[in-house]
Amino acid sequence: MKHFDLSLYLVLDPDLCAGIGMVETARLAVAGGATMVQLRDKHAGTAAMIETGRALKQALAGTGALLIVNDDVEAAIAIDADGLHIGQEDMNALTARGMIGPEMILGLSVETEALAAAVDPSLVDYTGVGPVFATPTKADHKQPIGFEGLAKLVNASPVPSVAIGGLKVEHVAQVFAAGAKGLAVVSAIAGTPDPEAATRRIAAEIRKVRP
């Protein structure tokens, strides 16, 4: 049984993190209570992902926070990440699981009830559900689903779900009310003047509403 906490899931964005860098942003966010950190950089090659990923792994060592790599399976394996997250347009879950082995966490993005219901829990450990709202950090996102849609997708998913898409501190209660196990945030932490304080505010709200 894999143990992971989806409650406060930071997705790193290289542009938003440009001021202090992704590693320092992650370090501060984890100090503030982030439970998982995803390295996402659609423009970086595998070598750059490995370099950043190794620095992130070192920064997160001993914190209990887990490192997930978006999309780049080769990088995820090379840095011995805690997990890999894939989208519907990336490789399929069976191929990904075959490449990363049984121990690594595998997350899969789902945007519709049908996709959520089709998830194979023997392959996938959690679903990323959304986008709840439209978000400028992902230009190619699908139609926003809102909290009503979130609840439907979470209900359809056979594995725990983390909500994503334009989420901020004021949405915490609604995310958990919809049945999600956490919220994935980008701009609510990355690029803020004080990422640690921003994370602390979200973590405090989660403690109030988490079942």
Side-chain angles (χ1 to χ4, degrees), residues 1-12 26 29-30 33-42 49-50 53 56-57 60-61 63-132 138 141-142 145 149-165 167 172 175-176 178-186 203 206 210-211:
M1 184 70 186
K2 299 187 186 94
H3 294 284
F4 53 92
D5 180 354
L6 293 168
S7 61
L8 212 177
Y9 188 128
L10 169 65
V11 180
L12 294 167
V30 168
T35 55
M36 295 176 82
V37 175
Q38 183 187 122
L39 171 58
R40 184 175 82 186
D41 187 345
K42 293 294 187 185
M49 287 284 279
I50 291 170
L56 279 168
K57 187 123 172 114
L60 301 187
T63 64
L66 301 184
L67 176 62
I68 309 292
V69 172
N70 180 282
D71 186 25
D72 193 326
V73 64
E74 196 183 324
I77 293 166
I79 65 178
D80 192 23
D82 299 294
L84 173 74
H85 188 94
I86 54 173
Q88 294 292 330
E89 289 82 29
D90 302 323
M91 70 185 70
N92 66 48
L94 183 62
T95 304
R97 177 55 76 197
M99 292 173 78
I100 63 175
E103 300 304 319
M104 201 180 280
I105 297 163
L106 181 61
L108 175 67
S109 297
V110 295
E111 296 92 11
T112 66
E113 275 185 88
L115 288 171
V119 168
D120 183 345
S122 71
L123 300 173
V124 175
D125 298 300
Y126 76 88
T127 50
V129 176
V132 180
K138 200 162 188 291
H141 65 66
K142 306 293 189 291
I145 58 174
L150 174 64
K152 286 179 181 167
L153 267 69
V154 167
N155 193 45
S157 172
V159 292
S161 300
V162 62
I164 192 165
L167 296 170
V172 167
V175 165
F176 281 87
K181 298 295 183 195
L183 64 164
V185 294
V186 190
I206 291 170
R210 195 176 182 185

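Hydrogens, waters and symmetry mates play no part in the numbers below; they use all other heavy atoms, side chains included.
- For the atom pair Ile68 CD1 and Met104 CE, the distance stands at 9.0 Å (nearest 0.5 Å).
- One finds the OG1 atom of Thr35 at 7.0 Å from the CD1 atom of Ile206 (value rounded to the nearest 0.5 Å).
- Residues meeting the salt bridge (Lys or Arg N to Asp or Glu O under 4.0 Å) test with Asp5, sequence neighbours left out: Arg210.
- A pairwise comparison of heavy atoms in Leu6 and Pro160 identifies CD1-CB, 4.0 Å as the closest pair.
- A search for side-chain contact (heavy atoms from CB on, under 4.5 Å) contacts involving Asp82 returns Lys57, Leu66, Leu67, not counting sequence neighbours.
- When all heavy atoms of Ala29 and Leu10 are compared, the closest pair comes out as CB-CD2, 3.6 Å.
- Screening residues 116-131 for salt bridge (Lys or Arg N to Asp or Glu O under 4.0 Å) gives Lys2-Asp125, Arg97-Asp125 as the qualifying pairs, with residues at least two apart or on separate chains.
- The structure places CG of Leu123 at 9.5 Å from OG1 of Thr95, a figure rounded to the nearest 0.5 Å.
- Taking both residues in full, the closest heavy atoms of Phe176 and Gly182 are given as CZ-CA, 3.8 Å, listed atom of the first, atom of the second, then distance.
- Residues Val129 and Thr127 come closest through the heavy atom pair CG2-OG1, 3.7 Å.
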>> Apply side-chain contact (heavy atoms from CB on, under 4.5 Å) to residues Leu12 and Asp41 and explain how you reach the verdict.
In response: CA-CA 8 Å; Leu12 294 167; Asp41 187 345; over 6 Å; no
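- Here Ala81 pairs with Val69, Ala76, Ile79 under the side-chain contact (heavy atoms from CB on, under 4.5 Å) rule; sequence neighbours left out.
- For the atom pair CG (Leu108) and OG (Ser157), the distance works out to 9.0 Å, reported to the nearest 0.5 Å.
- Closest heavy-atom contact between Ala96 and Leu84: CB-CD2, 4.1 Å.
- Taking Glu74 as the reference, Thr46, Asp72 meet the side-chain contact (heavy atoms from CB on, under 4.5 Å) condition, with sequence neighbours excluded.
- Heavy atoms only, all atoms of each residue included: Val124 and Val159 are closest at O-CG1, 3.3 Å.
- Residues Arg40 and Asp71 are not in side-chain contact: their nearest non-hydrogen atoms beyond the backbone lie 4.5 Å or more apart.
- Under the 3.5 Å distance criterion, the side-chain polar atoms of Gln88 are matched with a main-chain donor or acceptor of Ser109.
- By the side-chain contact (heavy atoms from CB on, under 4.5 Å) test, Ala184 pairs with Tyr9, Val11, Val162, Ile164, sequence neighbours left out.
- Of the inter-residue distances, the one linking Lys181 atom NZ with Ser7 atom OG reads 11.0 Å to the nearest 0.5 angstrom.
- Interatomic distance, Gln38 CD to Leu56 CG, rounded to the nearest 0.5 Å: 11.5 Å.
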